[in-house]
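This report refers to the structure that appears directly beneath it.
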There are 2 protein chains.
Amino acid sequence: MDVENYEKVCTAARNFFIGKGLRQTSQRNAIIAAAFSTQEYFSAEGLLHMAQAIDPSVSRATVYRNLPLLLESGLLRELDLGDGIQYYDPKFVEHPTHHHMICVDCEKIIEFEDTNIELLENCISRRLGFSPANKMLRIKGHCDELRLHGNCLRRREQET
Amino acid sequence: MDVENYEKVCTAARNFFIGKGLRQTSQRNAIIAAAFSTQEYFSAEGLLHMAQAIDPSVSRATVYRNLPLLLESGLLRELDLGDGIQYYDPKFVEHPTHHHMICVDCEKIIEFEDTNIELLENCISRRLGFSPANKMLRIKGHCDELRLHGNCLRRREQET
DNA sequence: ATCTATGCAAATAATTTGCACAATG
DNA sequence: CATTGTGCAAATTATTTGCATAGAT
């Protein structure tokens with residue numbers, strides 16, 4: 001995320017809190033700043049560490065109390081990678097329709113957007129009598145890199 | 001699931017265990033019988049209760065130890081409804097490509113299959129250099145029933 | 001000054017694990 | 001009868017909550 005966008009998202013988050021009549025605290029601002037400072041998804045624990053790097057007074061409880069609010073704002077989304085840990089993805093503001101492709105062998109994650117999938121999802125939703133609000137598609141499979149060459153970039157990183 | 005199919009799936013599960021060189025125990029058979037006795041998804045705790053109804057000696061630990069094996073067999077799949085609880089869906093044998101549509105208001109869940117989605121998922125996977133193995137699509141939205149009439153079947157059930 | 005938000009630590013919930021014994025192949 | 005699978009209870013991990021106090025409006 002470029003700096004301009006980063007500022008925009010942080011401001012949007014702060015405005016969301018203000019709009020709900022909630023207070024601005026240094027801890028909340030640190031959590032917001034931390035959450036959108038990265039392009040990577042993170043766990044609650046990861047967000048705690050990033051937020052503490054900005055404001056050491058941020059506690060685990062505060063992170064857990066503010067995460068549901070950020071989800072409600074729509075600026076952050078839950079991400080299930082299938083390993084039992086709850087992750088959060090800050091990239092939905094810029095890429096609201098992106099999905100995830102995961103290699104079961106090397107655990108590489110590729111993000112993709114596709115207009116056809118998007119249209120089809122909306123079409124199916126309407127056919128079933130729904131107004132879609134939140135769509136999540138996760139495909140797990142085997143990447144060619146590992147399957148064809150017996151090795152791949154991610155795999156080598158892991159073995160290091 | 002009709003009786004014929006139920007027997008088929010249970011046999012497939014037992015054969016999977018045998019094929020892995022694992023032993024047949026009354027607890028495992030109870031867990032298999034319980035898991036595929038229903039059309040509904042269930043939690044680990046729910047499976048425990050169903051299995052105990054068949055064989056009271058089944059313990060929670062055994063359920064947790066056998067669940068990963070059933071997932072590995074492909075006869076059972078994880079299902080994330082977004083409420084933080086891990087569910088398991090036994091219907092993937094009969095409907096391997098089904099997906100879930102969830103109403104955020106009344107929590108109604110509709111299952112659907114769609115050939116176009118299926119094709120598109122495969123197409124995208126190949127384009128990204130993957131052989132797809134496991135696809136999960138979950139759409140959350142608002143059902144017309146509740147949106148238009150201010151009430152719906154599920155909603156009334158909940159309020160009872 | 002009022003009242004929300006926080007830190008801390010205890011509580012809860014879901015899952016995993018060590019160990020002695022039971023039961024399969 | 002050798003070895004795997006199990007029950008039990010304790011351990012671990014992730015998350016939530018009660019309470020006294022700090023701090024925003």
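By convention in this document, chain letters (A, B, ...) are assigned in the order of the sequence lines, proteins followed by strands, and residues within each chain are numbered from 1.
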Side chain to side chain contact (heavy atoms under 4.5 Å, CB included) between A:E78 and A:D89, intermediate numbers included
CA-CA 6 Å; A:E78 292 180 306; A:D89 188 329; over 6 Å; no

Does D:dT16 have OP1 or OP2 sitting under 4.0 Å from an N or O in the side chain of A:Y64?
no

Spacing between A:L48 atom CG and C:dC8 atom C1', to the nearest angstrom
13 Å

Would you compute the distance between atom SG of A:C106 and atom CG of A:L146 and round it to the nearest 0.5 angstrom?
6.0 Å

Using the ring centroid of each side chain, check whether A:F92 and A:H98 are separated by less than 6.0 Å.
yes

How would you label the contact of B:E45 with the nucleic acid (heavy atoms, under 4.0 Å): base, sugar-phosphate, or nothing?
nothing

Between atom CG of B:L47 and atom OH of B:Y64, what is the distance when rounded to the nearest 0.5 Å?
10.0 Å

Return the minimal non-hydrogen interatomic distance between B:R147 and A:S131, and the atom names on each side.
NE-OG, 3.2 Å

Whole Å only: how far is the CZ atom of A:F17 from the C1' atom of D:dT25?
17 Å

5' precedence on DNA chain C between B:A44 and A:P56 (nearest-nucleotide basis):
A:P56

B:N66 side-chain N/O to D:dT6 phosphate OP1/OP2 under 4.0 Å:
yes

Taking atom C1' of C:dA13 as reference, at what distance in whole Å does atom CD of B:Q86 sit?
15 Å

Check B:D114 with A:R127, please: is the shortest side-chain N to carboxylate O separation under 4.0 Å?
yes

For a side chain to side chain contact (heavy atoms under 4.5 Å, CB included) check, start with the C-alpha distance between A:L75 and A:F36, then their side-chain angles and the critical distance, and finish with the verdict.
CA-CA 9 Å; A:L75 299 169; A:F36 302 108; 3.7 Å; yes

Spell out protein contact along nucleotides 19-25 of chain C as letters: B when the base is contacted, S when just the sugar-phosphate is, - when no protein heavy atom is under 4.0 Å; keep the 5' to 3' order.
----BBS

Tell me the interatomic distance from B:I85, atom CD1, to D:dT15, atom P, rounded to whole angstroms.
13 Å

A:R28 atom CZ is separated from D:dG23 atom P, nearest whole Å, by 15 Å

Value in whole Å for how far the P atom of D:dT4 lies from NZ of B:K20
14 Å

Please state how far atom CD1 in B:I32 lies from atom P in D:dG5, giving the value in whole angstrom units.
13 Å

For A:D55, which contact category applies under a 4.0 Å heavy-atom criterion: base, sugar-phosphate, or nothing?
nothing

Send over the distance from B:I18 CD1 to D:dG5 P, rounded to a whole Å.
13 Å

Touch check for A:R60, heavy atoms < 4.0 angstrom, all strands: base, sugar-phosphate only, or nothing?
base

Given DNA chain C, 5'-ward residue of the pair B:A61 and B:G84, judged by closest heavy atom:
B:G84

